[in-house]
Novice: 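Before I ask anything, here is the structure I am working with.
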Amino acid sequence: LHHPARPARPASYIKLEQQPVTESQVRYPDKTVLLIEDNRIVGEITAARLRRLVGTTIWAETGTEGLQAFHANNPDLILVDQLLPAMLGSEVVREIRAMNTSVPIVGITASTLGSECAELEAAGANYALEKPLSLPQLEKIAGEFFD
């Protein structure tokens with residue numbers, strides 16, 4: 001069974017370099033953010049906003065890809081959706097926290113009314129916020145963890 005908004009493809013993550021702007025316009029050129037988000041539209045919007053803030057954005061669409069990207073890239077910040085195919089974001093957070101207790105993790109969810117935020121935070125996320133994250137929200141998150 002395939003997600004209706006995404007064509008079937010082999011599992012892999014995408015590593016995106018910063019936007020073609022001068023380095024001085026990217027506030028944190030030496031930072032890497034891992035985005036784990038299965039919704040293409042939300043992923044594209046969030047990745048575009050991140051590329052204005054950090055030198056490298058890595059976008060994974062499943063929890064498994066996200067864990068692979070985490071191991072391969074040692075990101076400075078992780079943004080993870082709760083509802084992912086085959087593995088919940090809170091499960092991804094638990095696995096990362098078992099290996100690394102200090103990397104900042106922000107859970108993102110379309111439903112802040114249910115138990116999703118509590119599940120993400122109980123798993124070890126620093127915060128759980130409603131998606132999509134605005135550029136000002138991302139700037140505040142980056143400022144808190146990178147400044």
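Below, each value reflects all heavy atoms present in this structure, side chains not excepted, and no hydrogens, waters or symmetry copies.
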Novice: If Ile, Leu, Val, Met, Phe, Trp and Tyr residues are connected whenever their side-chain heavy atoms lie under 4.5 Å apart, and connections chain through other members, are Ile41 and Leu84 in the same group?
Specialist: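 They do not share one cluster, since no chain of ILVMFWY contacts under 4.5 Å joins Ile41 to Leu84.
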Novice: So, taking the atom named CD in Glu95 and the one named CZ in Phe70, what distance separates them when rounded to the nearest 0.5 Å?
Specialist: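 Reported value, rounded in 0.5 Å steps: 10.5 Å.
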Novice: To the nearest 0.5 Å, how far apart are CG in Leu35 and CZ in Arg49?
Specialist: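 Taking CG in Leu35 and CZ in Arg49, the distance rounds to 12.0 Å.
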Novice: Do the non-hydrogen side-chain atoms of Pro85 and Thr62 ever get within less than 4.5 Å of each other?
Specialist: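 Yes, their side chains come closer than 4.5 Å.
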Novice: Verify side-chain hydrogen bond (donor to acceptor under 3.5 Å, both in side chains) between Glu144 and Tyr127, making sure each step is shown before the conclusion.
Specialist: CA-CA 12 Å; Glu144 178 174 341; Tyr127 300 110; 2.6 Å; yes
Novice: Roughly how far, to the nearest 0.5 Å, is CZ of Phe145 from NZ of Lys31?
Specialist: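 The CZ atom of Phe145 is 12.0 Å from NZ of Lys31, to the nearest 0.5 Å.
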Novice: Linking I/L/V/M/F/W/Y whenever their side-chain heavy atoms sit closer than 4.5 Å, directly or via other members, would Leu135 and Phe146 fall into one cluster?
Specialist: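 Same hydrophobic cluster.
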Novice: Keeping the roles fixed (side chain from Gln137, backbone from Ser134), state whether a donor-acceptor pair exists under 3.5 Å.
Specialist: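 Pair found, side chain donor or acceptor close to backbone of Ser134.
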Novice: Should Asn73 and Leu34 be marked as a side chain to side chain contact (heavy atoms under 4.5 Å, CB included) after you check the CA-CA gap, both sets of side-chain angles, and the distance that decides it?
Specialist: CA-CA 9 Å; Asn73 296 279; Leu34 170 58; over 6 Å; no
Novice: Can you tell if the side chain of Val106 reaches within under 4.5 Å of the side chain of Ile78, non-hydrogen atoms only?
Specialist: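 Side-chain contact under 4.5 Å: no.
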Novice: Can Asp76 and Tyr28 be counted as having a side-chain donor-acceptor contact under 3.5 angstrom?
Specialist: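 No pair is found: no donor N or O on one side chain lies under 3.5 Å from an acceptor on the other.
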Novice: Assess whether side chain to side chain contact (heavy atoms under 4.5 Å, CB included) is satisfied between His71 and Met99, documenting all intermediate values.
Specialist: CA-CA 10 Å; His71 290 296; Met99 298 171 276; 3.0 Å; yes
Novice: Quick one: does any side-chain atom of Trp59 pair with a main-chain N or O of Glu37 as donor and acceptor, under 3.5 Å?
Specialist: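 Flag set: sc Trp59 to bb Glu37 pair under 3.5 Å.
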Novice: Closest approach of Cys117 and Thr109, non-hydrogen atoms and distance?
Specialist: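 Distance-wise, the nearest heavy atoms are SG-CG2, 3.8 Å.
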Novice: From Arg94 CZ over to Glu119 CD, what is the distance, rounded to the nearest 0.5 angstrom?
Specialist: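 These two atoms lie 8.0 Å from each other.
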Novice: Are Thr32 and Ile58 packed together at the side-chain level, in the sense that at least one heavy-atom pair is separated by less than 4.5 angstrom?
Specialist: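 The answer is yes; the side chains approach within 4.5 Å.
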Novice: Sub-3.5 Å donor-acceptor pair from the side chain of Asn39 to the main-chain atoms of Val42, do we have one?
Specialist: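 Looks like yes, one N/O pair under 3.5 Å.
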Novice: To the nearest 0.5 Å, tell me how far Arg52 CZ sits from Thr57 OG1.
Specialist: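 One gets 12.0 Å once the value is rounded to the nearest 0.5 Å.
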Novice: Short question: side chain of Arg97, backbone of Ala123 - any donor-acceptor pair under 3.5 Å?
Specialist: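 No: the side chain of Arg97 does not pair with the backbone of Ala123.
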Novice: Looking at side-chain heavy atoms only, is the closest gap between Thr64 and Val92 below 4.5 Å?
Specialist: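 Thr64 vs Val92: side chains apart.
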Novice: With Lys131, which of Leu79, Asp81, Thr46, Ile45 fulfils side-chain contact (heavy atoms from CB on, under 4.5 Å)?
Specialist: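 The side-chain contact (heavy atoms from CB on, under 4.5 Å) with Lys131 is passed solely by Asp81 among Leu79, Asp81, Thr46, Ile45.
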Novice: So, using salt bridge (Lys or Arg N to Asp or Glu O under 4.0 Å) as the criterion, who are the partners of Glu139 when residues are at least two apart?
Specialist: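 Per chain and number, Glu139 pairs via salt bridge (Lys or Arg N to Asp or Glu O under 4.0 Å) with Arg27.
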Novice: Distance from Leu50 atom CG to Leu133 atom CG, nearest 0.5 Å?
Specialist: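 Separation between the atoms: 8.0 Å.
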Novice: Without swapping roles, check the side chain of Glu121 against the backbone of Asn126 for a donor-acceptor pair under 3.5 Å.
Specialist: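 Pair absent, no side-chain N/O of Glu121 close to backbone of Asn126.
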Novice: Give a yes or no on whether the backbone of Leu88 and the side-chain of Glu91 come within a donor-acceptor separation of less than 3.5 Å.
Specialist: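 Indeed, once roles are kept as given, a pair shorter than 3.5 Å links the two residues.
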Novice: Show the numbers, then the answer: is there a side chain to side chain contact (heavy atoms under 4.5 Å, CB included) between Val93 and Val80?
Specialist: CA-CA 8 Å; Val93 173; Val80 59; 3.6 Å; yes
